[in-house]
Amino acid sequence: MTEQEKQEIISEIEGRLLKKYKGSLFKEDDSAVLKEPREKWFKGEDGAGHGSIMAQAFDNTIVSWQIWEMMRKLTCVICGQQYVRHLPQVENPEVICKVLCQTVYDLRKAFLARTEAVV
């Protein structure tokens, strides 16, 4: 068997495997689905959560990332999906996520304003 024949067989097998397992759970890029709301609300200037809008609102980066986990899960539930990787099948899931984030932020600010008024 020549080197060219080996390469042809390898290429054919790779093509078949890619076709057979396309869309399977080996490494799908689902980070882009809710990227815009995540970056707006949960990423600071340093590229991490420090100094993000939610971290400032809750005075805690860890709490803000816990909130992000809840936002992802709520977005999935509202869209009728179980996982973020299924959200590309839904039209505009990032809009739902943005509304959820804005609502949580507004509630937090209202709560802080009320507690400051009492003190």
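As the structure is a prediction and not an experimental result, all values here were calculated from the model.
I96 pairs with exactly one of I78, V90, L34, V77 by the side-chain contact (heavy atoms from CB on, under 4.5 Å) rule, that one being I78. Checking R38, H50, M54 one by one against K43, the side-chain contact (heavy atoms from CB on, under 4.5 Å) holds for a single residue, R38.
Residues M1 and I9 are in side-chain contact: their nearest non-hydrogen atoms beyond the backbone lie under 4.5 Å apart. Contact of the I53 side chain with the F42 side chain is not registered, since no non-hydrogen atoms from C-beta on lie closer than 4.5 Å. In this structure the side chain of V63 reaches within 4.5 angstrom of the side chain of Q66, judged on heavy atoms. Put simply, the side chain of E3 reaches to within 4.5 Å of the side chain of K6, judged on heavy atoms.
Across all non-hydrogen atoms, the minimal contact from C76 to L87 is SG-CD1, 4.0 Å. Shown here for C97 and W68, the closest heavy-atom pair between the two residues is SG-CZ3, 3.7 Å. Of all the heavy atoms in N60 and I62, the pair that sits closest is OD1-N, 2.8 Å. Closest non-hydrogen pair, Q82 versus H86, comes out as N-ND1, 4.3 Å.
Without hydrogens or angle criteria, E5 side chain to T2 main chain gives a donor-acceptor distance under 3.5 Å. Using modelled atom types, one side-chain atom of S64 and one backbone atom of T61 make a donor-acceptor pair closer than 3.5 Å.
Here T75 contributes atom OG1 and E94 contributes atom CD; the two are 10.0 Å apart, rounded to the nearest 0.5 Å. In this structure, the separation between CZ on F58 and CH2 on W65 is 14.5 Å, given to the nearest 0.5 Å. For the atom pair CG of D106 and CZ of R108, the computed distance is 13.0 Å after rounding to the nearest 0.5 Å.
For the pair R114 and F111, the cation does not sit on the ring face, since its NZ or CZ is not both under 6.0 Å from the ring centre and inside 45° of the axis.
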*Begin with the C-alpha distance, continue with both residues' side-chain angles, and end with the deciding distance and a verdict on side-chain contact (heavy atoms from CB on, under 4.5 Å) for W41 and M71.*
CA-CA 11 Å; W41 293 98; M71 295 297 104; over 6 Å; no
*Could you go through the side-chain contact (heavy atoms from CB on, under 4.5 Å) check for L100 and V104 one step at a time?*
CA-CA 6 Å; L100 288 170; V104 168; 5.6 Å; no
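Other residues, nucleotides and ligands contribute only 12 or fewer heavy atoms inside 6.0 Å of the CD atom of E45.
A salt bridge links E36 with K98: the distance from a Lys NZ or Arg NE/NH1/NH2 to an Asp or Glu carboxylate oxygen falls below 4.0 Å.
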